[in-house]
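To start, the structure itself, in structure tokens.
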2 protein chains.
Amino acid sequence: MPLPLDALRDLVGPEHVLTSEHDLVAYSTDATPLQRARPEAVVLAGDRDEIAGVLRLAEEHRFPVTPRASGTNLSGGAVPLHGGVVLSCARMRRLIEIDEQNLTATCEPGLQNALLQEAVAQKGLFYPPDPGSQVISTIGGNVMECSGGLRGLKYGITRDYVMGMEAVLMGGRTFRVGGKLTKDVAGYDLVRLLVGSEGTLAVLTEITLKLLPAPEAKATGAAYFRDLEASARSVSRIIEQRILPATLEFLDQATMRVVDESAGLGLPADAGAMLIFGQDGAAPVVERDTAMMAEICREEGALSVEVAADEDAAGKLLAARRGAIPALARLAPTLILEDATVPRSELAGMVREVQKIAEEEGLLIAVFGHAGDGNLHPTCCIDDRDPDQVARVHRAFDRIFDAALARGGTITGEHGIGVTKLQYLEKRLGPVGIDLLRGIKQAFDPLGLLNPGKAVP
Amino acid sequence: MPLPLDALRDLVGPEHVLTSEHDLVAYSTDATPLQRARPEAVVLAGDRDEIAGVLRLAEEHRFPVTPRASGTNLSGGAVPLHGGVVLSCARMRRLIEIDEQNLTATCEPGLQNALLQEAVAQKGLFYPPDPGSQVISTIGGNVMECSGGLRGLKYGITRDYVMGMEAVLMGGRTFRVGGKLTKDVAGYDLVRLLVGSEGTLAVLTEITLKLLPAPEAKATGAAYFRDLEASARSVSRIIEQRILPATLEFLDQATMRVVDESAGLGLPADAGAMLIFGQDGAAPVVERDTAMMAEICREEGALSVEVAADEDAAGKLLAARRGAIPALARLAPTLILEDATVPRSELAGMVREVQKIAEEEGLLIAVFGHAGDGNLHPTCCIDDRDPDQVARVHRAFDRIFDAALARGGTITGEHGIGVTKLQYLEKRLGPVGIDLLRGIKQAFDPLGLLNPGKAVP
């Protein structure tokens, strides 16, 4: 059945239905390498009723709909695998309200994370989830992927900040769940079920988020270690001291070398690992915790430790971490950024295993990530025109995911299943878990028209 | 079909299958007034395999199973409405592990909340959820009801601390979800879906919880106000000052009077409202925040304000709040403890409305609860042998729930839907929400044998 283009144009206005060759190519991909599929049309919805209208037409005419915001997905969630319509909420980017009494923000799904952060910061408030993509990625996309970021250990992830939403089911029925309520146990937790559902259950039209008081002070430090194990021992001892750091980021030797060659940060050439640590909160606590973390790193044999004197200096320390992806991206045409995750105590062993696998497969795999929550980003730079290299990369990541699972870990910490991780999902959840996902999908989208081919095998 | 009692006895041992008149009466109720139904047998399971065995027999012989722990439920969740088997996990109360590196505790569902709290406190760790029933109620029960407590505003509720579980479906299939992972987005959020599912989706056999470093210091204060509005203004200003208090409890005049008559605490007779405030964390922050909260209460016209000098004195201030339920329970044969919840900013208006409804219906409804998260406990003392009184109570609570919903609130903050709130659920979730709950129930328990008649209309 052809798409009802006239009905779509009537619904959202002809200028918001894109069908040119150029546009269809642009909406064939998200930020995931090697994933590409063409939609038949792109619809830029302007409000909830337009979204409901598109989903009503989709059910009636049986065309698949792939919801999308900024398309920074790293597991192919916004690639329209089965054609049909890409439904973009990029025009729906209003910050509807900041409620200073109930400590909530309410917005449309297309609002960028960084814009929300800035707006709430101006009121002395704080929205912690800070995915690497935060300047571009949207709250709607963050919610659908349950995005993480650098603050997971202390502050949790997107799931921990979603209080309510309005959403539309395939077919056009609209509903609201949650609200400005710290406590609400009326019914199964539909709010959390929608968070991380990757656009396969419903399309978001409004989101209410929990905010925190902004921390009064923050501080950042960095330590360089001869080897991985010394940095891992430091992480262990920080936690044993009952410190919950706001930042605890890790770079391995390969990452440090690449970043240093690219950005000339003057990182010590003999270091095998770098740890960036930080705390936020009340000034005396920040000072005490930061000093204690620096001292622990020294005691564990750090080659050098520095604590930034001000925000500028802190920015320079964090530059090594923030520069990792751009620096690695310059090395080869395609960057495969993964996010295998293990319990924190398994971090050093897991990094060693990734390094061994990389060596055995003859690949450069740099490892960096969030040491505080065991969330690693093994990153491989390849030329995807070389089929042998592509085959070795696939084999290496198969082995990396198996290693993470064997250590009580998971196949994705914050990037989602999308399409690229589907093949590994049963290993993580088992056959019963897969059956339950299928049952849930069936309950929300019995025709299987909403983002088909994603999240559920 | 009669119960396969011999097969059940073979499975768990004859001493763990209870069928005496006395036992069946004992397991006909939980802590919910006016709810009662007799099971045909009670099975005390000793481990996961026994639970799986019971659920296999249940599917084969088509008998309903009502999972139960300590039975402190306040919405009838553990009452075996359709007979069959009450499946108790009270024997499964092992604390399996405290993992100090990953900051987790793993336990069986029958472990009492207070015992877990004590065990982790001995390691300098902290499990925040503290429902009023914590000395008796279990982690399994807390997870299935998504229990709250006094620390919701600052620390969240049970949902925010469940990291993983092992559970069994009706029919006996066992599965694991989550783990010791801060970040894990592999599949829909089955962990959070099971939290608060009131034993209607699966039976828990093991739970992994997130722990926090124990706060170094804490302090408690109390303020007495001439009227409700002054206490509500103080709550608003505390939040506006960007303080997130560990405790912010509220008592209305009726509650204060009853508590004072019962326990002789010497509460000021002319006060119309009492606020108990507290902070925990690093000592300088605790001192500063507590002083600031006391000052705000004074500025808003408190009749008197006191900050406890030590833990003993703090205990005395909290006694007014802790004594509310026992004191009210002495007034009449039956205590109806409700938990309508509103956004924090709606608290004073909601309390006034409850007082007006109580007056119009000629009832004593005392109101106390968690001011920080808008979670009120309007509590009515009645003689349930008087049908006119019972009718007025039902009418009053119908009006109270309507008022909460009209203010963006909910029909239950922390007690669950169970059976007593089922009639109000569609008002809260709407028809689409109800359809989704039914679809989810169908995905987990297509025969409808697991805790039938609860949570889903």
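Letters A, B, ... are given to chains in the order of the sequence lines, protein chains preceding strands, and every chain is numbered from 1.
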Residue, of [options], that accumulates the most heavy atom pairs under 4.5 Å with chain A:
| options | answer |
| --- | --- |
| B:C146, B:A455, B:G156, B:G187 | B:G187 |
| B:L193, B:L201, B:L436 | B:L436 |
| B:L429, B:D189, B:D435 | B:D189 |
| B:G416, B:G374, B:A214, B:S236 | B:S236 |
| B:V285, B:L190, B:D99 | B:L190 |
| B:K123, B:R438, B:Q442 | B:K123 |

Do [X] and [Y] come within less than 4.5 Å of each other through their side chains, counting heavy atoms only?
| X | Y | value |
| --- | --- | --- |
| B:S75 | B:E145 | yes |
| A:L376 | A:T341 | no |
| B:E426 | B:P457 | no |
| A:K210 | A:K180 | no |
| B:T182 | A:N375 | no |
| A:T410 | B:V185 | no |

Answer with side chain, backbone, both or neither: which region of [X] has an atom nearer than 4.5 Å to a non-hydrogen atom of chain B?
| X | answer |
| --- | --- |
| A:E216 | side chain |
| A:V456 | side chain |
| A:L425 | side chain |
| A:D184 | both |
| A:N102 | both |
| A:L194 | neither |

### Task
Could you tell me whether a side-chain N or O of A:R192 sits under 3.5 Å from a main-chain N or O of A:V162, the two making a donor and an acceptor?
yes

### Message
Whether the side chain of A:E414 engages the backbone of A:G149 through a donor-acceptor N/O pair (distance < 3.5 Å, no angle test) should be reported.
### Response
yes

Where does [X] contact chain A at under 4.5 Å (heavy atoms): side chain, backbone, both or neither?
| X | answer |
| --- | --- |
| B:K441 | both |
| B:H370 | side chain |
| B:D339 | neither |
| B:I434 | neither |
| B:I157 | side chain |
| B:R428 | side chain |
| B:L181 | side chain |

Considering only NZ, NE, NH1 and NH2 on the basic side and carboxylate oxygens on the acidic side, decide whether [X] and [Y] come within less than 4.0 Å.
| X | Y | value |
| --- | --- | --- |
| B:E240 | B:R233 | no |
| B:D160 | B:R151 | no |
| B:K183 | A:D373 | yes |
| B:E198 | B:K421 | no |

### Query
How far apart are the closest heavy atoms of A:A371 and A:L347, and which atoms are they?
CB-CD2, 3.7 Å

### Query
Can you name the one residue among A:I98, A:T208, A:V120 that meets side chain to side chain contact (heavy atoms under 4.5 Å, CB included) with A:T104?
A:T208

### Query
Where do A:F126 and A:Y155 land on the ring pair (Phe, Tyr, Trp, His ring centres under 6.0 Å) test, with the steps shown first?
CA-CA 11 Å; A:F126 179 37; A:Y155 288 106; 5.2 Å; yes

Any idea which of [options] has the most non-hydrogen atom pairs under 4.5 angstrom with chain B?
| options | value |
| --- | --- |
| A:V177, A:L103, A:I411, A:V191 | A:L103 |
| A:P431, A:P446, A:G124 | A:G124 |
| A:P284, A:A443, A:A186 | A:A186 |
| A:V195, A:L125, A:L437, A:I417 | A:L437 |
| A:H415, A:R288, A:E346 | A:R288 |
| A:I440, A:T412, A:I239 | A:T412 |

### Message
For the OG atom of A:S197 and the CG atom of A:D445, what is their distance to the nearest 0.5 Å?
### Response
11.0 Å

### Query
CD1/A:I243 to CG/A:D289 distance, rounded to the nearest 0.5 angstrom?
4.5 Å

### Message
Is it true that B:T200 and A:Y188 share a donor-acceptor pair across their side chains at a distance under 3.5 Å?
### Response
yes

### For chain A, which residues of residues 164-174 of chain B have heavy atoms nearer than 4.5 angstrom
B:L169, B:R173, B:T174

